Protein chains: 2
Amino acid sequence: MPTAHQGSSAEVAALDAYIKLMRAAETVTSRVHGPLLGELTVTQFGVLEVLHHRGALSAGEIAEKVLKSAGNLTLVLANLERDGLISRERDRSDGRRWIISLTAAGRKRVSALFPKVAAAITAEFAHLSRAEQAMLGELCKKLGRGGRSTSEA
Amino acid sequence: MPTAHQGSSAEVAALDAYIKLMRAAETVTSRVHGPLLGELTVTQFGVLEVLHHRGALSAGEIAEKVLKSAGNLTLVLANLERDGLISRERDRSDGRRWIISLTAAGRKRVSALFPKVAAAITAEFAHLSRAEQAMLGELCKKLGRGGRSTSEA
DNA sequence: ATCTTTTCGTTTCATGTCAAAGTGTTTTTT
DNA sequence: AAAAAACACTTTGACATGAAACGAAAAGAT
């Protein structure tokens, strides 16, 4: 029998919460993936969604919003452009920047898909009461803001 | 101004909880990644960890535990084998199966790394009280088990 | 003005990821 | 036992992912 690391009780509690958090995130993600199948990847949808929600952004701003590396975004944007869903334009005031915006096709695609994805997420979270959802959100937020300054609300 | 999808309040609540869950999971994952950097990928560590914890398993069993596809596992196991951390052996009672076990080097590696990863996770979850960690775990568990039978404890 | 540093994005490299099709093995049918 | 179905894993193809090195543009230093 393999001997496990002898953890403190604080460690055991944290690891237990950790794996449950990870599994929940992965399970929900995989279910949400359903409506997108054959249409877009999850990341592609995320990029279109953020553009739809906030309007044109630079590549770096998008990377920050969707929590992906810059190098990664380059490829995702290239694929979206190839498929005619976004367009790029050099920022005239800063020649290093690309301004990314949705094309008409991109807007149409994200508009059609968003309700389906939202419905899938809502169905997933229907296992929790409204109060539980709020509590979960609160705990996740508190968890995530480690190392941040207190300037955020 | 882009017009957002007009969601019901249940939808808004669910989406809000959803993005907080995802961001928390991603943030924690990226911080946990630190101790592994240059040593192993997160998935590789996950595979070694499950083998360390439960002993030798078939490829399919590992895939199930770490929530990855079979095709994916093939590659991850190949890389781990190349690095001398695991060994494969045909199951004599079922010629389709591979039995995967840790090598001495694999055991050593995971033993050295596990405490560091556990400490990183513990530090991350220290932002929450013990009761909050338990609550978060409970909510995640409840969220994840949608569509499951009630046979599980 | 020139040099240096910083910043934005791209490229490269190694790995991970899934879906779908394929290969060989075992089990089930008939 | 031969055929069919189910199963465990592999292969392939397209895409995602991060780190690190790189190129170009902007900002700062002198």
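If you're wondering where the values come from, they're calculated on a predicted model, not measured in any experiment. Reminder, nothing fancy here: chain letters follow the sequence lines and each chain counts from 1.
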Keeping [X] on the side-chain end and [Y] on the backbone end, is there a donor-acceptor pair under 3.5 Å?
X: B:R90; Y: B:G95; answer: yes
X: B:T103; Y: B:G84; answer: yes
X: A:D94; Y: A:R96; answer: yes

Query raised in the report: Going by heavy atoms closer than 4.0 Å, what residues in residues 89-107 of chain A are next to DNA chain D?
Result: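 Of all residues in residues 89-107 of chain A, the ones placing a heavy atom under 4.0 Å from DNA chain D are A:D94, A:G95, A:R96.
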
Query raised in the report: Which residues within residues 71-79 of chain B lie with some heavy atom under 4.0 Å of an atom in DNA chain D?
Result: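 Within residues 71-79 of chain B, the residues near DNA chain D are B:G71, B:T74.
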
What is the distance, rounded to the nearest whole Å, between atom [atom1] of [X] and atom [atom2] of [N]?
X: A:H33; N: D:dC15; atom1: NE2; atom2: C1'; answer: 10 Å
X: B:L40; N: D:dA19; atom1: CG; atom2: C1'; answer: 16 Å
X: A:E26; N: D:dA16; atom1: CD; atom2: P; answer: 18 Å
X: B:I86; N: D:dC9; atom1: CD1; atom2: P; answer: 12 Å
X: B:L57; N: D:dA8; atom1: CG; atom2: P; answer: 14 Å
X: B:I62; N: D:dA8; atom1: CD1; atom2: C1'; answer: 13 Å

Query raised in the report: Between C:dT17, C:dG9, D:dC15, which nucleotide gets closest to the side-chain atoms of A:Q44?
Result: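 That would be D:dC15.
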
Report task. Among D:dT17, C:dT15, D:dT10, find the nucleotide with the atom closest to the side chain of B:T41. Result ->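 Nearest nucleotide to the side chain: C:dT15.
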
Query raised in the report: Of B:R82 and B:S69, whose closest DNA chain C nucleotide lies nearer the 5' terminus?
Result: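 Final value for this comparison: B:R82.
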
Query raised in the report: So what does B:A70 touch, heavy atoms closer than 4.0 Å: a base, only the sugar-phosphate, or nothing?
Result: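 Counting heavy atoms under 4.0 Å across all strands, the contact made by B:A70 includes a base.
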
Query raised in the report: Under a 4.5 Å cut-off applied to non-hydrogen side-chain atoms, are B:V32 and B:V42 in contact?
Result: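 They are not in side-chain contact.
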
Query raised in the report: Should the pair B:F45 and B:F114 be assigned to parallel (<30°), tilted (30 to 60°) or perpendicular (>60°) ring geometry?
Result: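 B:F45 and B:F114: parallel rings.
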
Requested in this report: Determine whether the side chains of A:E11 and A:S8 contain a donor N or O and an acceptor N or O closer than 3.5 Å.
Outcome: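 There is no such pair (donor and acceptor under 3.5 Å, judged by atom type) between the side chains of A:E11 and A:S8.
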
Query raised in the report: Does the side chain of B:S101 pick up a donor-acceptor pair with the side chain of B:R88 at under 3.5 Å?
Result: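 No, no side-chain donor-acceptor contact under 3.5 Å.
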
Query raised in the report: Is there a side-chain polar atom (N or O) of A:R88 under 4.0 Å from OP1 or OP2 of C:dC8?
Result: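 Answer is no, no contact under 4.0 Å.
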
Report task. Please check the phosphate of C:dT17 (OP1 and OP2 only) for any side-chain N or O of B:T43 closer than 4.0 Å. Result ->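 For C:dT17, OP1/OP2 do have a side-chain N/O of B:T43 under 4.0 Å.
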
Requested in this report: Locate the shortest heavy-atom distance separating B:H52 from B:R107; write the atom from each residue and the value.
Outcome: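 Closest heavy-atom pair between B:H52 and B:R107: CD2-CG, 4.1 Å.
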
Query raised in the report: Can you name the nearest heavy-atom pair linking B:Q133 to B:L128, along with the distance?
Result: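 Scanning both residues completely, I find the closest heavy atoms to be NE2-O, 3.2 Å.
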
